[in-house]
Each structure stands twice: as structure tokens, then as C-alpha cells.
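See structure below.
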Amino acid sequence: LSAPAAPLRAEGPREVRVAAAADLQFALDEVFAAAAVPGVRPVVTYGSSGSFFAQIENGAPFDLYLSADAEYPRRLAEKGLADGGLFLYAVGRIALWVPNDSRLDVAALGVRALLDPAVRKVAIANPRHAPYGRAAEAALKSLGVFEAVKGKLVLGENVAQAAQFVESGAADAGIVALSLARSPRMRSSGRHVELPLGSYPRMDQGGIVLKGARDPGAARALRDALLGSRGREVLREHGFFLPDP
């Protein structure tokens with residue numbers, strides 16, 4: 001007698017493992033919820049774009065990489081690690097954020113508020129591997145306060161951790177992604193002022209579908225949701241500029 005046939009199992013959603021820049025922490029969840037892709041479930045890890053670059057170079061199992069600096073996925077594509085080409089999805093912006101109980105008048109003074117003797121610690125992302133840290137450092141230098149402030153800097157692993165430092169009171173102020181400063185939680189618990197766009201290099205944010213993706217079609221579907229009209233609308237609402245379509 002032949003063995004009974006194995007029962008058929010309904011296939012679950014196709015998982016896509018996403019390595020995403022920390023500044024996308026609120027916007028990306030909303031993008032994927034608003035532009036739901038039937039049968040596809042994103043599994044998102046947020047962190048430093050530079051750290052993800054190193055992990056992916058060393059074979060980390062991600063399917064889609066969304067970086068805060070387009071140079072990282074561009075370099076991976078040049079190494080043959082992309083399935084298709086680089087795409088640009090946003091242009092990042094930075095803001096100075098302080099908690100509601102701070103006496104600093106950031107709206108009037110901008111980064112010069114950091115010169116106040118009451119400011120002992122200023123949180124930024126680590127410039128060595130976080131694009132938002134490099135932008136913050138560049139802005140402090142071009143706005144003429146870096147030498148006075150550099151001894152106060154505390155470095156987060158990524159921009160979300162820098163935001164956590166100042167939210168928790170471990171720092172008195174922080175230079176963070178505008179998208180985080182405008183999130184409901186940070187908007188209700190503090191105040192921010194956007195830093196001048198000309199004070200730091202343009203932050204083109206880009207991504208790639210990775211060569212080793214388990215399901216390249218599902219990864220491309222999420223990419224298309226991000227780049228589609230609803231995805232672009234959500235990114236704009238969260239404080240991103242948009243690259244030309």
C-alpha cells in the first residue's frame with residue numbers, strides 16, 4: 001500500500017527581511033501599513049546604515065536594504081551584491097530637539113542654544129558609521145559651534161539611540177532626524193527646530209534589493225510600495241524631502 005499523501009498546508013505570507021536606517025523607524029511601518037502588499041510580510045530591523053553595510057558585506061541574511069546614505073547600497077551594488085540597481089527613496093533632514101521642560105529657546109537660537117552653560121551633554125549619532133551623525137557634525141562645524149560643543153557630545157549607535165539619550169534625560173539636547181523629531185512621541189514630549197539645509201551635505205537615502213534575497217519578487221513589491229504615490233506621501237508627512245521621481 002502506498003503511504004497516504006501528506007496534507008496540504010496553506011502557504012503563509014512571504015517574509016521579506018528588511019535592514020532599514022533608524023530614521024525610518026516610524027515612517028516605514030506606516031508606509032507598509034498604508035500600501036499593504038497582499039501576501040507579503042516585512043520583518044524590519046532598524047539600525048545604523050554603516051553597520052548594516054558591513055553586515056551585508058559579510059553575508060548577513062537580508063532581502064532589502066534601505067540606507068540613510070545612498071553611497072552604502074551603491075557600493076554594495078558595485079560589488080555585485082544587488083538584484084537590480086540602486087533606487088533613491090528620500091532626502092533626509094536634521095533637527096535640534098530638546099524636551100518640553102528644557103529652558104533652551106531652540107526656536108530663536110538654533111544650535112547656538114547649545115552654548116548655554118546648562119547644556120552638559122548633546123546627543124548625536126556616531127559619525128563613524130551613522131549618516132545622521134556625519135550630518136550633525138557637519139552642521140555644528142558649518143554653524144560655528146563645533147569647537148565649543150565637541151566636549152559635550154555623546155554618541156548613539158544610530159540616530160534612534162541618540163534620540164533615546166535625549167528623551168530619557170541622559171543628554172540635554174540632541175541633533176536627530178527630522179522624521180524622528182516629528183514622530184508623535186517626540187512631538188508630544190519636546191520641541192525641535194530644523195537645522196538649515198545648507199549647513200550639512202545633502203542626505204540622499206537609497207536602497208537595493210539584495211542578490212541573496214529569498215524572494216526577490218516580494219522584496220521588489222515592498223520597494224515599489226515605498227516608491228509609490230502613497231509611500232512618497234507618508235515619507236513627506238514624516239519630514240523627508242523626496243528625490244525627483
Side-chain angles (χ1 to χ4, degrees), residues 17-28 43-82 86-97 111 121-142 146 149-168 170-171 173-181 183 186 195 199-212 226 238-240:
R17 301 159 297 182
V18 184
D23 67 320
L24 291 169
Q25 197 158 29
F26 300 98
L28 194 60
V43 179
V44 185
T45 303
Y46 294 101
S48 154
S49 297
S51 295
F52 282 137
F53 170 80
Q55 291 170 33
I56 292 166
E57 256 194 329
N58 288 306
F62 291 111
D63 307 310
L64 181 64
Y65 175 39
L66 302 175
S67 171
D69 183 344
E71 187 59 25
Y72 286 131
R74 182 178 288 115
R75 285 161 59 187
L76 291 175
E78 289 170 354
K79 292 172 179 282
L81 297 177
L86 170 77
F87 58 89
L88 300 180
Y89 64 87
V91 181
R93 298 150 72 181
I94 57 175
L96 174 62
W97 188 92
V111 293
K121 293 182 179 178
V122 179
I124 68 170
N126 190 329
R128 289 180 57 196
H129 50 245
Y132 276 91
R134 292 195 290 274
E137 190 174 76
L140 291 170
K141 288 177 179 177
S142 68
F146 180 74
V149 170
K150 66 181 181 181
K152 303 178 180 183
L153 295 178
V154 291
L155 306 181
E157 175 68 17
N158 53 61
V159 72
Q161 189 177 70
Q164 288 167 6
F165 285 165
V166 64
E167 279 186 284
S168 68
I175 298 177
V176 301
L178 181 63
S179 60
L180 298 181
S183 68
M186 292 192 76
L195 299 190
S199 66
Y200 55 95
R202 178 182 165 105
M203 298 181 67
D204 281 321
Q205 304 200 185
I208 49 173
V209 174
L210 287 156
K211 191 85 168 184
L226 179 64
H238 280 266
F240 293 99

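Residue numbers start at 1 and run along the sequence shown.
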Requested in this report: Would you give the length of the straight line joining atom CG of L24 to atom OH of Y89, rounded to the nearest 0.5 angstrom?
Outcome: 4.0 Å
Report summary line: Taken in chain and number order and not counting sequence neighbours, the residues that satisfy salt bridge (Lys or Arg N to Asp or Glu O under 4.0 Å) with K211 are none
Query raised in the report: Do you know the tightest heavy-atom contact between L195 and Y200?
Result: O-CE2, 4.0 Å
Query raised in the report: Is T45 close to V18 at the side-chain level, that is, under 4.5 Å between some pair of heavy atoms?
Result: no
Query - Closest non-hydrogen atom pair, A27 against H238 - result: CB-CG, 3.6 Å
Requested in this report: Please examine the side chains of Y132 and V176, heavy atoms only from C-beta on, and report whether any two atoms are closer than 4.5 Å.
Outcome: no
Query raised in the report: Shortest non-hydrogen contact from F87 to I208?
Result: CE2-N, 3.5 Å
**Report entry** Between CD1 on residue I124 and CG on residue L96, distance to nearest 0.5 Å
**Finding:** 12.0 Å
Requested in this report: State, with a plain yes or no, whether a side-chain heavy atom of L28 is found less than 4.5 Å away from one of L226.
Outcome: yes
Requested in this report: For the residue pair R128 and L155, establish whether any side-chain heavy-atom pair is separated by less than 4.5 Å.
Outcome: no
Query raised in the report: Taking only residues two or more places apart in sequence, or in another chain, which ones meet K150 in a side-chain hydrogen bond (donor to acceptor under 3.5 Å, both in side chains)?
Result: E147
Query - Counterpart residues, side chain to side chain contact (heavy atoms under 4.5 Å, CB included), relative to S142 (two or more places apart) - result: S199
Query raised in the report: In Å, rounded to the nearest 0.5 Å, how long is the span from OG of S49 to NE2 of H129?
Result: 10.0 Å
Query raised in the report: Is any side-chain heavy atom of L180 less than 4.5 Å from a side-chain heavy atom of W97?
Result: no
Query raised in the report: CG of L81 to CZ of F62: how many Å apart, nearest 0.5 Å?
Result: 14.0 Å
Return a table of donor-acceptor pairs under 3.5 angstrom between the side chains of residues 158-166 and protein atoms on other chains or two or more places apart.
residue : atom : partner : partner atom : Å
N158    : OD1  : A160    : N            : 3.0
N158    : OD1  : Q161    : N            : 2.9
Q161    : OE1  : E157    : N            : 2.6

Query raised in the report: Between L88 and A70, what is the shortest heavy-atom contact and its length?
Result: CD2-CB, 3.6 Å
Query raised in the report: How close do A130 and A125 get, heavy atom to heavy atom, and via which atoms?
Result: CB-CB, 3.6 Å
Report summary line: Heavy-atom closest pair (Y46 atom, A21 atom, distance to 0.1 Å) is CD2-O, 3.6 Å
Atom pairs and distances, donor-acceptor, side-chain atoms in residues 133-141, under 3.5 Å, two or more places apart:
residue : atom : partner : partner atom : Å
R134    : NH1  : Y72     : OH           : 3.4
R134    : NH1  : P127    : O            : 3.4
R134    : NH2  : D69     : OD2          : 3.0

Report summary line: So salt bridge (charged side-chain N to carboxylate O under 4.0 Å, His left out) across residues 199-208, not counting sequence neighbours, yields R202-D204
Requested in this report: State whether the number of non-hydrogen atoms from other residues, nucleotides or ligands found under 6.0 Å of K152 atom NZ is greater than 12.
Outcome: yes
**Report entry** Distance in Å, I94 CD1 paired with S179 OG, rounded so as to fall on 0.5 Å steps
**Finding:** 11.5 Å
